[in-house]
Amino acid sequence: MAAIRIDGKAFAARLREQVGERAAQFSDATGRKAGLAVVLVGEDPASQVYVRSKGKATVAANMASFEHRLSADTSQQELEALVDQLNADPAVDGILVQLPLPDHLDEQAVVDRINPAKDVDGLTPVSTGRLALGLNGLVPCTPLGSLMLLKDQLGDLSGLDAVVIGRSILVGKPMAQLLLDANATVTIAHSRTRDLAEVVKRADIVVAAVGRAEMVKAEWLKEGATVIDVGINRLPPEPGADKGRLVGDVAYDEASEVAGAITPVPGGVGPMTIAVLLRNTLVAAYQNEGLDMPELTL
Ligand code: GUN
């Protein structure tokens with residue numbers, strides 16, 4: 001039987017709408033909008049697209065968007081000075097420095113400088129430490145969005161076998177922590193894992209976050225598994241086309257024949273990332289004002 005297609009786009013739209021309503025309540029209560037600052041260094045085309053759509057979604061959710069575009073030759077000192085300025089700005093509740101940065105910049109040093117109260121990406125040592133300790137804090141957007149889709153699909157994750165493929169700071173590691181907090185039995189697989197197909201075969205939940213087009217095959221999956229595909233890869237163009245197709249890390253068509261439920265690419269996890277970024281910005285704004293945030297029901 002064909003798998004359920006998990007509609008991340010629709011879920012993200014509902015989440016953005018709820019966040020937008022709460023953001024309007026926030027500005028009624030405080031006399032100011034919740035604010036998100038996004039910093040982009042250089043002209044990477046994919047990053048430019050992301051940053052533009054983040055700005056639009058922020059404004060649509062009744063929040064203020066501050067975009068800072070710096071040239072590719074910006075120095076470490078200049079970038080850190082901007083982060084300091086945003087840390088000190090009371091109109092800014094969340095700061096996101098778009099990654100990757102150009103090679104000459106020290107990414108970790110920039111991230112470390114972000115005030116943890118404004119760390120809507122959940123990447124500072126304070127946020128990652130709180131997540132590891134199981135304490136409340138700001139959590140990276142893509143893994144939190146993936147967890148929301150999993151809970152929406154499966155309900156309680158207690159005791160389920162989850163395999164996360166990939167161990168990045170942005171996705172793999174925080175994803176594993178979130179699944180562990182949800183009482184799943186978690187394995188993190190990566191490029192040195194032996195018999196990856198066999199490891200994946202045990203999983204009730206597979207989260208693929210490696211960045212290799214269509215790597216996960218149907219025969220790796222357990223019948224009925226729930227598959228979350230975080231990958232966004234562009235295939236080489238077909239003859240006559242100027243752009244190749246976007247595909248995930250999972251071979252979607254064949255995997256749909258075996259999985260119980262699966263996220264498509266595009267339209268699965270991708271739209272969740274921005275929706276959760278807006279949610280994190282609102283959480284930070286309420287916290288920065290010392291107010292309790294009204295519950296989100298999604
Ligand atoms: N680049 C790709 N995804 C992300 C993300 O979630 N946050 C940041 N800061 N950069 C990214």
Side-chain angles (χ1 to χ4, degrees), residues 8 12 15-16 35-58 65-70 72 74 79-80 82-83 86-87 92-103 105-116 118-128 131 137-149 164 166-178 207-212 228-234 246 248-249 263 265-266 268-281 283-284:
L15 180 56
R16 285 205 315 266
L36 171 64
V38 176
V39 179
L40 173 62
V41 184
E43 267 112 53
D44 177 62
S47 292
Q48 283 181 326
V49 173
Y50 292 140
V51 167
R52 201 172 316 126
S53 49
K54 281 170 189 164
K56 273 198 206 157
T58 305
S65 167
F66 306 99
E67 273 181 40
H68 295 268
R69 291 163 184 266
L70 307 181
T74 300
L79 182 54
E80 291 188 8
L82 174 58
V83 171
L86 297 171
N87 281 339
V92 172
D93 296 291
I95 302 170
L96 181 143
V97 178
Q98 185 68 32
L99 305 177
L101 291 171
D103 286 345
L105 294 169
D106 179 347
E107 220 160 74
Q108 194 60 45
V110 173
V111 169
D112 286 2
R113 208 153 178 113
I114 296 171
N115 176 353
K118 299 189 177 189
D119 177 23
V120 288
D121 242 352
L123 296 179
T124 61
V126 169
S127 302
T128 49
L131 179 59
L138 292 163
V139 175
C141 306
T142 303
L144 183 53
S146 300
L147 184 77
M148 287 177 179
L149 295 179
V164 179
R167 53 177 157 179
S168 71
I169 302 296
L170 218 47
V171 184
K173 282 188 191 174
M175 186 76 243
Q177 299 278 5
L178 289 171
V207 180
V210 273
R212 289 183 55 186
I228 302 290
D229 191 350
V230 180
I232 302 180
N233 312 287
R234 199 172 281 285
L246 280 184
D249 291 348
T263 58
V265 176
V269 173
M272 290 300 291
T273 299
I274 292 184
V276 174
L277 175 65
L278 301 176
R279 174 226 176 247
N280 282 357
T281 303
V283 168

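Ligands are counted one by one from 1 in listed order, and the atoms in each one are counted from 1 as well. Counting begins at 1 with the first residue of the sequence.
- Residues Ser146 and Met272 are not in side-chain contact: their nearest non-hydrogen atoms beyond the backbone lie 4.5 Å or more apart.
- Contacts of Leu70 classified as side chain to side chain contact (heavy atoms under 4.5 Å, CB included), with partners at least two apart in sequence or in another chain: Val39, Val41, Thr74, Leu79, Leu82.
- Within 4.0 Å of ligand 1, protein heavy atoms come from Leu96, Val97, Gln98, Leu99, Asp121, Leu170.
- Taking the side chain to side chain contact (heavy atoms under 4.5 Å, CB included) definition, one finds that Thr124 meets it with Val111, Ile114, Pro116, Asp119, Val126, Ser127, sequence neighbours left out.
- With hydrogens and angles ignored, the 3.5 Å screen pairs no side-chain donor or acceptor of Asn280 with any backbone N or O of Leu138.
- Ser47 is linked by a side chain to side chain contact (heavy atoms under 4.5 Å, CB included) to Leu40, Asp44, Gln98, counting only residues two or more places apart in sequence or in another chain.
- Each of His68, Lys56, Glu67 was scored for a side chain to side chain contact (heavy atoms under 4.5 Å, CB included) with Val51, with one residue passing: Glu67.
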